[in-house]
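Take a look at the structure below.
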Amino acid sequence: MAKPHHLTGENGFHFSQPLVFPSPSPVGEDSSAFDSASGTPLSNGTPSGAESCGLPLCEAKGIKYISAEQEELACGWGGFTPGCLQLFNTSKGVLFFLCVASFLQGMTVNGFINTVITSIERRFDLRSYQSGLIASSYDIAACLCLTFVSYFGGNGHKPRWLGWGVLVMGLGSLLFALPHFTTGRYEVRSSAEVGVCAANQSLPCSVAASGLSSYRFVFMLGQFLHGMGATPLYTLGVTYLDENVKTNYSPVYIAVFYTAAILGPAAGYLVGGMFLNIYTEIGRETDISPENTLWVGAWWIGFLGAGAASLLISIPILGYPQRLPGSQRYIVMRVSEAHQLKDGSHKKASDPDFGKTVKDLPRSVLLLLKNPTFIFLCLAGATEATLIAGMSTFGPKFLESQFSLSASEAATLFGYLVVPAGGGGTFLGGFLVNKFKLRCSGIIKLCLLCTVSSLLAIFIFFIHCPNMPMAGVTQMYNGSTLPGGQLNLTAVCNAECGCLQETYSPVCGSDDVMYYSPCHAGCRKVSENLRNGKKVYRECSCIEKTLLLGPGEAEAGKCTSPCAKRTLLLFFMFVVILFTFLSSIPALTATLRCVSDRQKSFALGIQWIVVRTLGGIPGPIAFGSMIDKSCLLWQDQCGEQGSCYVYQNSAMSRYTLVTGLVYKVLGTTFFTIACVLYKPPPTESAPGSSDTSENNNGDLQETKPSLPAEEDI
């Protein structure tokens with residue numbers, strides 16, 4: 001902050017250095033604290049307006065008044081507050097540590113978990129519904145803790161709640177990795193020759209139970225701790241940032257915070273995938289490769305690293321004060337944009353004693369329920385969360401089916417879409433609110449514009465890529481159409497192989513037709529030499545001989561799709577993701593603006609509960625049930641139906657379009673109602689500023705009061 005080197009008082013006295021006077025007892029937060037010109041000069045040149053200064057740090061023409069609260073604003077732990085730590089006692093310092101925490105949370109919960117869930121299922125003999133319970137434990141814990149944390153934490157010491165939350169999150173990561181160290185070595189029960197004709201070594205159905213599935217309760221507890229620890233991060237962390245920066249900079253800070261949370265999963269996918277290429281029993285030799293269906297990678301390394309990092313980052317967060325030095329001036333100069341209730345009950349939340357006891361909890365809930373703008377913003381957020389949760393879960397599967405990619409290729413391609421579109425959209429949303437200094441009504445209109453734009457772009461799912469031909473699934477082995485769409489994986493060419501449907505290992509024949517497995521293609525030999533890093537199967541009786549390759553051959557993996565619509569599909573998917581995330585920070589900012597200051601943390605907590613219960617949890621279920629309707633080939637687990645192997649691309653696009661349209665139309669409707677029902681407070685003059693009318697920049701942020709020179713951020 002720039003400070004004058006000298007001061008000439010109104011009585012002509014010259015001060016070569018700024019004088020420092022102890023401040024009297026705080027008497028309030030009125031605007032006179034900032035209006036030094038209104039005070040009558042004292043005999044020593046001190047304006048009398050400074051006598052009523054209730055701020056930790058007030059300046060009047062270069063004279064600093066330091067209150068007794070100054071010591072409480074120091075960064076440190078208890079009485080240990082070294083001067084070097086005060087360099088980080090700024091809004092930028094808080095933003096940095098909170099960004100690291102949100103990055104670790106996103107990398108662990110949305111990155112590592114989704115990446116290693118298949119390996120955990122294989123290692124600990126878990127079924128899909130059991131791994132689903134593990135994933136849902138995070139949301140269940142968050143829903144249970146949100147009301148308590150947001151209500152009491154919002155009126156308490158936010159950095160301590162945040163620090164302890166990050167610490168609990170770190171303990172959850174360490175607990176999640178614990179089963180690796182408490183179980184025996186992973187033993188491979190089959191060789192790598194599974195699936196070739198006349199040597200089919202599929203595992204029998206009657207595999208003895210290992211008892212390892214009981215470890216699912218340890219994983220669920222670890223996820224529960226993840227959910228508990230992350231609860232303060234996205235409620236109290238957001239409001240702590242909002243309270244300690246200027247109103248027009250708040251969206252930018254929050255956008256940076258959420259961008260870090262979005263980049264976390266991308267790093268989790270990359271780092272987690274890298275660890276999965278390392279055998280889970282580090283230092284032990286094995287004769288199987290990562291391509292083998294029995295391979296289990298080192299899924300646990302990422303959780304150890306993330307857990308240790310979370311424990312470390314919680315230490316500086318715990319050292320921050322309840323509010324940052326100088327933040328009181330932003331609270332004084334902030335003009336309320338809370339929705340005005342007809343009965344005037346919204347004024348109750350302005351009481352300094354409101355929300356400090358459990359008795360105020362029902363009244364606080366009632367005030368939020370009587371706020372229609374808040375309610376419909378929550379519902380709009382739930383619809384957007386449904387799309388985000390559904391697309392993040394099934395987006396890679398959509399690309400995998402449409403473009404005939406492997407699971408790793410589809411996940412990588414989807415990551416290339418999400419990182420720039422999701423991260424860029426999140427940051428751009430906060431930037432636009434700050435750039436145009438939008439007020440609450442203008443912010444809701446921006447959200448509405450983004451939702452309508454993504455609604456129009458979602459019509460791209462009218463088009464699709466054709467399925468690659470697959471013998472016995474999309475066509476007969478002789479190339480003719482399957483009668484009545486019935487599956488028939490057995491033909492004359494592979495009848496003697498005794499192929500079992502439990503072994504799904506697709507291969508691409510030299511005739512550009514996919515086969516269920518090398519066995520179903522009638523392949524009898526495996527070449528020792530790899531082609532393009534893939535296994536080559538020879539002497540395949542179901543594949544027609546060609547002049548160039550001689551006897552029928554097949555490569556491991558799916559056939560490459562020549563779809564000409566690939567670029568168009570990817571571009572409009574990018575647009576849909578961009579505009580969906582573009583509205584996220586403006587919607588969050590509108591939520592903070594439409595409620596009173598003392599209810600911000602609690603309002604975010606209630607909103608998160610609505611978003612999770614109506615969006616985050618049912619979103620993947622809704623998308624999954626719709627996409628499953630387009631399945632052509634189901635996994636056969638010893639007579640029980642498993643996951644889907646092959647989807648009909650046209651039906652998948654159609655169901656995705658219907659689901660997306662329903663939720664986008666609902667989101668557009670909710671944002672429209674929120675905008676229409678929003679009732680701003682009557683236009684008032686900010687302290688030391690001129691009036692800002694609705695007809696003159698009505699959607700812009702109010703003019704700020706005159707303050708001494710200071711840094712903007």
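Both backbone and side-chain heavy atoms feed into the values below; hydrogens, waters and symmetry mates do not. The residues of the chain are indexed from 1 along the displayed sequence.
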Practice task
With the side chain counted from C-beta on, respond yes when V575 and F571 share a heavy-atom pair under 4.5 Å apart, and no when they do not.
Solution key: yes
Problem - Under 3.5 Å: donor-acceptor pair, side chain of S541, backbone of C493 - result: yes
Exercise for the section: Report yes if some heavy atom in the side chain of L456 is under 4.5 Å from a heavy atom in the side chain of F572; otherwise report no. Expected result: no
Exercise for the section: Kindly give the heavy-atom pair with the smallest separation between L387 and G660, and that separation in Å. Expected result: CD2-CA, 3.8 Å
Exercise for the section: Enter the distance from T474:OG1 to N467:CG here, rounded to the nearest 0.5 Å. Expected result: 6.5 Å
Problem - Beyond-backbone contact of V473 with L489, side-chain heavy atoms, under 4.5 angstrom - result: yes
Practice task
Enter the distance from M652:CE to C465:SG here, rounded to the nearest 0.5 Å.
Solution key: 12.0 Å
Practice task
Look at the side chain of S404 and the backbone N and O of C559, then say whether any donor-acceptor pair between them is shorter than 3.5 Å.
Solution key: yes
Handout entry: Parallel, tilted or perpendicular, as decided by the 30° and 60° cut-offs, for the rings of Y279 and Y186
Key = tilted
Handout entry: Taking every non-hydrogen atom, the tightest pair across I543 and E553
Key = CD1-O, 3.2 Å
Exercise for the section: Inspect the surroundings of CZ in F427 and state if more than 12 heavy atoms from other residues, nucleotides or ligands are less than 6.0 Å away. Expected result: no
Completion exercise
Tightest non-hydrogen contact, residues T580 and I388, listed as CG2-CG1, 3.8 Å
Exercise for the section: Measure up the F462 and F459 rings against each other and bin them: parallel (under 30°), tilted (30 to 60°), perpendicular (over 60°). Expected result: parallel
Exercise for the section: Measure centre to centre between the rings of F671 and F376, then say whether the value is under 6.0 Å. Expected result: no
Practice task
Give the C-alpha distance, both sets of side-chain angles, the deciding distance and a yes or no for side-chain contact (heavy atoms from CB on, under 4.5 Å) between F103 and L263.
Solution key: CA-CA 7 Å; F103 179 87; L263 294 178; 4.3 Å; yes
Exercise for the section: Answer whether the closest heavy-atom distance between the side chains of Y663 and E384 falls below 4.5 Å. Expected result: no
Exercise for the section: Check for a donor-acceptor pair, side chain of T669 on one end and backbone N or O of V665 on the other, with a separation under 3.5 Å. Expected result: yes
Exercise for the section: Taking atom types as modelled, find out whether Y477 and N494 have a side-chain donor-acceptor pair closer than 3.5 angstrom. Expected result: yes
Problem - Heavy-atom side-chain proximity of Q402 to K565 below 4.5 angstrom - result: no
Handout entry: Residues S119, L276; criterion side-chain contact (heavy atoms from CB on, under 4.5 Å); working and verdict
Key = CA-CA 8 Å; S119 299; L276 288 182; 3.6 Å; yes
Problem - Spatial distance of atom OG (S583) from atom CG (L428) [nearest 0.5 Å] - result: 11.5 Å
Exercise for the section: Indicate yes or no: at least one non-hydrogen side-chain atom of L413 is less than 4.5 angstrom from one of R566. Expected result: yes
Handout entry: Side chain N649, main chain S401, donor-acceptor under 3.5 Å
Key = yes
Practice task
Output, in order, the C-alpha distance, side-chain angles, deciding distance and verdict of side-chain contact (heavy atoms from CB on, under 4.5 Å) for M470 and L632.
Solution key: CA-CA 11 Å; M470 187 171 186; L632 286 175; over 6 Å; no
Exercise for the section: Indicate, with yes or no, if the rings of F219 and F124 have centres closer together than 6.0 Å. Expected result: yes
Exercise for the section: Return yes if a side-chain donor-acceptor contact under 3.5 Å exists between Y138 and Q105, otherwise no. Expected result: yes
Problem - Polar side-chain atom of S630 near backbone of M626 as donor-acceptor pair, under 3.5 Å - result: no
Problem - Over 12 foreign heavy atoms within 6.0 Å of NZ, K629 - result: no
Completion exercise
Heavy-atom closest pair (F574 atom, P420 atom, distance to 0.1 Å) is CE1-CG, 3.9 Å
Handout entry: Ring centres under 6.0 angstrom apart (F257, Y234)
Key = yes
Exercise for the section: Determine, for cysteines C519 and C497, whether their SG atoms are under 2.5 angstrom apart. Expected result: no
Practice task
Answer with yes or no after comparing the ring centroid distance for F398 and F461 against a 6.0 Å cut-off, counting only values under it.
Solution key: yes
Handout entry: Pairwise distance OG1(T589) to CG(L377) - rounded to 0.5 angstrom
Key = 11.0 Å
Problem - Beyond-backbone contact of I301 with V271, side-chain heavy atoms, under 4.5 angstrom - result: no
Exercise for the section: Indicate yes or no: at least one non-hydrogen side-chain atom of D628 is less than 4.5 angstrom from one of Y647. Expected result: yes
Exercise for the section: Find the distance between OG1 (T656) and CD1 (I460) and round it off to the nearest 0.5 Å. Expected result: 13.0 Å
Exercise for the section: For L144 and F224, run side-chain contact (heavy atoms from CB on, under 4.5 Å): C-alpha distance rounded to whole Å, both residues' side-chain angles, the deciding distance at 0.1 Å, then the answer. Expected result: CA-CA 10 Å; L144 292 177; F224 199 88; 4.0 Å; yes
Handout entry: Heavy-atom closest pair, residues S510 and G552
Key = OG-CA, 4.2 Å
Completion exercise
Closest heavy-atom pair, A590 versus I444, reported as atoms and distance to 0.1 Å, is CB-CG1, 4.0 Å
Practice task
Using atom types as modelled and distance alone, determine if a side-chain donor or acceptor of S454 lies under 3.5 Å from a backbone N or O of C450.
Solution key: yes
Handout entry: Spacing of Y515 atom OH and C499 atom SG [to the nearest 0.5 Å]
Key = 12.5 Å
